[in-house]
Novice: 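Please see the structure below; I have some questions.
Just so it is clear, the values below take in all heavy atoms, side chains as well, and ignore hydrogens, waters and symmetry mates. Since the structure is predicted, the reported quantities are computational estimates derived from the model, not experimental observations.
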Amino acid sequence: MEASNDLVDWVKSNRLFMLRGSEIVNAPFSDSPFPFPQRCFEQAQSLTQHFNTLVHKLCTDPEFLISICRPIAEQDAFVQHLLSLYETIVCQEASPQRLLGLFRYDYMLTQSTQGAPPALKQVEMNLISCAFGPLGTLVSRRHQMMHGDQVPDNGAWEGMVDAMARAHRVYLDMEEHPGTDNSKRPAPAVLCINERAEGNVADQHHLITLLRERHGIQAICATLHDIATHSTLSPKGHLLYTHTPHGDTPCKSYEITLCYFRTGYIPKFYPSESLWDARAMIERGKCFRCPTVGAQLVNFKRVQQVLALPGVLERFFPAAESRIAADLRAVFAGQDSLEPSDYLPDSPLAPYLHRAGTDSVDRVLIQLRAQPHRYVLKPQREGGGNNLYDAEITALLDSAQTRPEELSRFTVMERLFPPQLPTRVRLGMRFTQHPAYAWDSFARESRVADPGRAEQVPQAVTELGTWGALVCHEQECCMNACVGHLLRTKSAVHNDGGVASGVAFLDAPRLVTDEEYLRLLGQ
């Protein structure tokens with residue numbers, strides 16, 4: 001079924017698009033909201049501030065963070081680079097730690113048995129380059145308009161922008177120098193660090209545009225290569241960037257208040273040492289970072305696996321906050337380490353592993369070999385499409401007999417099997433306008449090359465993310481909030497992959513009671 005003119009016009013006017021090579025296509029989205037238990041939705045929201053606090057405590061606990069990351073750094077040059085930046089710049093040089101967190105905590109639903117109440121389990125924490133805040137908000141609002149107040153309010157887009165503005169203003173307050181002529185300093189600006197060949201351009205542009213319209217804050221985009229070429233640190237530690245736009249527009253220098261990363265999360269984004277030098281310069285500067293290198297280390301699956309061990313959360317939430325630790329632990333899925341050194345008596349993890357009842361990596365390998373379908377192997381990588389399932393796990397175990405070090409790159413996680421329901425997705429709209437970066441004229445000048453179609457998804461599973469916004473300077477936080485949510489749905493036939501890869505699509509929750517949810521499942 002083709003999309004109506006009204007639907008196509010809505011996609012155009014809201015710029016709900018992505019780039020696929022030279023094509024402009026709609027970001028895929030559901031035809032109707034997906035049923036989701038209200039109790040689980042509210043539980044996820046209530047945990048967001050606590051997870052924000054946990055991330056901040058981890059970033060500011062170098063002894064713990066370094067000890068956890070060192071074993072994987074020995075096997076992974078990318079992790080080693082980031083850990084070296086953290087040890088040198090944060091621990092030794094004591095550079096200012098100014099963190100803006102625009103984090104997303106992702107969950108799936110599970111059932112212990114058929115007919116049992118649904119339970120929330122965390123898939124992962126996403127702490128760098130988290131996408132689809134604005135586009136997910138737009139889809140939520142369309143569904144709310146079409147289907148009523150069972151679709152909850154979603155303020156993710158505005159909440160993210162407000163957090164960026166808060167970090168910007170905190171920087172200006174802290175770096176204003178009484179008795180000097182601040183008018184001679186370069187104009188302040190937010191720097192959005194992305195890739196030149198950026199597919200998710202609309203999602204980023206929505207943030208930049210609203211930051212300017214809502215708060216009057218200038219934001220510019222640059223690659224790590226641009227920063228390496230056109231940035232310097234002032235004697236006072238201010239990050240200065242000379243913007244060199246195309247055409248006849250003159251160059252202009254800016255004092256960067258915030259570096260917002262939409263890149264830098266996998267090795268291919270650092271093809272040369274000069275780009276690592278650019279990252280180091282950013283970390284040494286006084287600007288806020290979204291995220292800091294410390295938060296990026298926390299983002300590794302290794303750290304999240306360690307947090308799930310019995311007793312670890314209590315390091316960060318002592319007796320007076322034991323309820324928080326229990327609530328967070330309740331949503332952790334089972335996880336195990338494939339790093340042999342973790343099980344040695346002098347390992348910092350040995351007491352926790354002993355408490356978990358796992359005394360050797362061999363025991364984990366036996367479980368993996370016997371029932372690979374019950375687990376997921378996750379490497380220390382972001383971006384989707386990296387996890388191993390089923391026969392892939394068996395193949396890795398076979399190859400590891402001659403290359404055992406291969407296993408250390410992975411974390412073992414209990415595989416989640418969320419309930420399945422039917423839905424329908426809108427995809428395949430194509431628009432003609434090039435270059436796609438003609439943002440202001442897209443809705444007016446683009447033409448529809450293909451109105452797209454609706455496809456039935458008979459067995460769909462969904463993943464809920466909650467957006468956490470955090471603004472901190474060293475140990476002090478001036479903002480900690482849950483600002484919205486993101487629902488992404490996909491066919492149950494797909495193990496891995498997100499919206500950007502064309503596997504999942506944007507959705508919105510329709511909140512229902514547990515009883516109604518079980519009825520929809522036929523239970």
Novice: Which residue pairs satisfy the salt bridge (charged side-chain N to carboxylate O under 4.0 Å, His left out) criterion with at least one member in residues 142-160, sequence neighbours excluded?
Specialist: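 Output for this query lists Arg141-Glu158.
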Novice: Going from CD on Gln523 to OG1 on Thr113, what distance comes out if it is rounded to the nearest 0.5 angstrom?
Specialist: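 One gets 8.5 Å once the value is rounded to the nearest 0.5 Å.
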Novice: Can you name the residues that form a salt bridge (charged side-chain N to carboxylate O under 4.0 Å, His left out) with Asp514, not counting sequence neighbours?
Specialist: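 Residues passing salt bridge (charged side-chain N to carboxylate O under 4.0 Å, His left out) with Asp514: Arg39.
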Novice: Only counting residues at least two apart or in another chain, list the ones meeting ring pair (Phe, Tyr, Trp, His ring centres under 6.0 Å) with His50.
Specialist: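 His50 satisfies ring pair (Phe, Tyr, Trp, His ring centres under 6.0 Å) with no other residue.
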Novice: Enumerate the ring pair (Phe, Tyr, Trp, His ring centres under 6.0 Å) contacts for residues 299-323, please, sequence neighbours excluded, ordered by first and then second residue.
Specialist: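 Passing the test, one end in residues 299-323: Phe64-Phe316.
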Novice: State, yes or no, whether a side-chain contact exists between Leu421 and Pro35 at a heavy-atom distance under 4.5 Å.
Specialist: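 The answer is yes, as the side chains (C-beta and beyond) meet within the 4.5 Å cut-off.
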Novice: Take the angle between the ring planes of His206 and Trp157 and call it parallel below 30°, perpendicular above 60°, tilted in between.
Specialist: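 It falls in the perpendicular class, over 60°.
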Novice: With sequence neighbours left out, write down each residue that passes disulfide (SG to SG under 2.5 Å) with Cys478, or none if nothing qualifies.
Specialist: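 Scan of Cys478 (disulfide (SG to SG under 2.5 Å), adjacent residues dropped) gives none.
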Novice: Applying ring pair (Phe, Tyr, Trp, His ring centres under 6.0 Å), name anything that partners His215, two or more places apart in sequence or on another chain.
Specialist: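 Applying ring pair (Phe, Tyr, Trp, His ring centres under 6.0 Å) to His215 gives none.
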Novice: Using side chain to side chain contact (heavy atoms under 4.5 Å, CB included) as the criterion, list what pairs up with Ala326, not counting sequence neighbours.
Specialist: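 Partners of Ala326 by the side chain to side chain contact (heavy atoms under 4.5 Å, CB included) criterion, ordered by chain and then number, come out as Arg323.
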Novice: List in chain and number order the residues that pass disulfide (SG to SG under 2.5 Å) with Cys69, two or more places apart in sequence or in another chain; answer none if no residue qualifies.
Specialist: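 Expected list: none.
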Novice: By salt bridge (charged side-chain N to carboxylate O under 4.0 Å, His left out), which residues pair with Glu339, not counting sequence neighbours?
Specialist: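 Partners of Glu339 by the salt bridge (charged side-chain N to carboxylate O under 4.0 Å, His left out) criterion come out as none, since no residue qualifies.
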Novice: Applying salt bridge (charged side-chain N to carboxylate O under 4.0 Å, His left out) as the test, list every pair that has at least one member in residues 374-385; sequence neighbours left out.
Specialist: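 Listed by first then second residue: Asp76-Arg381, Lys301-Glu382.
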Novice: Would you please classify the geometry between the Tyr105 ring and the Phe103 ring as parallel, tilted or perpendicular, with 30° and 60° separating the classes?
Specialist: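 Ring orientation of Phe103 relative to Tyr105: perpendicular.
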Novice: Could you tell me whether Asp336 and Arg363 make a salt bridge, using a distance below 4.0 angstrom between a side-chain N and a carboxylate O?
Specialist: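 No.
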Novice: Sequence neighbours excluded, which residues qualify as salt bridge (charged side-chain N to carboxylate O under 4.0 Å, His left out) partners of Glu314?
Specialist: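 If we apply the salt bridge (charged side-chain N to carboxylate O under 4.0 Å, His left out) test to Glu314, skipping adjacent residues, the hits are Arg329.
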Novice: Name all pairs fulfilling the ring pair (Phe, Tyr, Trp, His ring centres under 6.0 Å) condition that reach into residues 480-500, sequence neighbours left out, sorted by first residue then second.
Specialist: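 Listed once each, the pairs are Phe41-His485.
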